[in-house]
Amino acid sequence: MIGRWWRPELGLAVVVLVLGVLVVVGTLDVSAAASQLGIGPRFFPMLVGGAMVVVGLFYVADVLRGGHGDPEESEDVDAEAPADWRSVGLVSGIFLAFAALLDLLGWIIGASLLFFALSVVLGAEHRLRAAVVAVVLGVATYLLFVKGLGVSLPGGVLPL
């Protein structure tokens, strides 16, 4: 009986739905003051969790009605190509280094290095442009979280 209606797509749909419910339920315990924008720390997790629940419900309904994923037909992807484990290892190492050095370097420097290193590993051709964009992203995300949302991020070596 399970073989008739159970497919891997349904498993993924249920996982998305359950994760969305867990995010929403976990966010209910968060209590802190709202930021200067009036948005509290629950807003974005509730938004993401709610979206996951909605997508999960629609996905489950679609799969139960017979929907399925289309086979890969992209001309940019070679389905026969082996995985690029070197890039996977480098990206993983960059994230681990970022996590390890975040308190020491601070958000602006750490995130800028993270964004720059990821762009280089993933194939950025113009390194100077990648560095400028990385610094802009590092500063912008710092200001958004600290000034806009009231979240404290480590200052590190910068006197912030």
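Keep in mind it's a predicted model, so treat the numbers as computed, not measured.
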Name every donor-acceptor pair, under 3.5 Å, that has one atom in a side chain of residues 113-139 and the other anywhere in the protein, sequence neighbours excluded.
residue, atom, partner, partner atom, Å
Ser119, OG, Phe115, O, 3.3
Ser119, OG, Phe116, O, 2.7
His126, NE2, Arg129, NH2, 3.4

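For Phe58, the side-chain contact (heavy atoms from CB on, under 4.5 Å) criterion is met by Val54, not counting sequence neighbours. Checked against side chain to side chain donor-acceptor pair (under 3.5 Å), Asp29 has no partners two or more places apart in sequence or in another chain.
Placement of Leu105 and Val146 within a single hydrophobic cluster is found when ILVMFWY residues are connected by side-chain heavy-atom separations under 4.5 Å, directly or transitively. Under a hydrophobic clustering in which Ile, Leu, Val, Met, Phe, Trp and Tyr are joined whenever their side-chain heavy atoms come within less than 4.5 Å, directly or via other members, Leu57 and Val21 fall into the same cluster. Under a hydrophobic-cluster definition in which Ile, Leu, Val, Met, Phe, Trp and Tyr are linked whenever side-chain heavy atoms come within less than 4.5 Å, directly or via other members, Leu64 and Val16 are assigned to the same cluster. Hydrophobic clustering (ILVMFWY, side-chain heavy atoms < 4.5 Å, transitive): Phe43 and Val151 are in one cluster.
Rounded to the nearest 0.5 Å, atoms CG (Leu17) and CG (Leu12) are 11.0 Å apart. From Ile108, atom CD1 reaches atom CG of Leu153 across 9.0 Å, with rounding to the nearest 0.5 Å. Taking CG of Leu22 as the start and CE of Met52 as the end, the distance is 8.5 Å to the nearest 0.5 Å.
In this structure, Thr27 and Pro45 approach most closely via the heavy-atom pair OG1-CB, 3.3 Å.
Residues Lys147 and Tyr142 are not in side-chain contact: their nearest non-hydrogen atoms beyond the backbone lie 4.5 Å or more apart. In this structure the side chain of Val24 reaches within 4.5 angstrom of the side chain of Met46, judged on heavy atoms.
Pairs engaging residues 87-99 under the side-chain hydrogen bond (donor to acceptor under 3.5 Å, both in side chains) rule: Asp84-Ser87 [sequence neighbours left out]. Residue pairs meeting the ring-ring contact (aromatic ring centres under 6.0 Å, His included) criterion with at least one partner in residues 94-113, sequence neighbours excluded, are Phe98-Trp107.
Through side-chain heavy atoms spaced under 4.5 Å, either directly or across other Ile, Leu, Val, Met, Phe, Trp or Tyr residues, Trp85 is tied to Val88.
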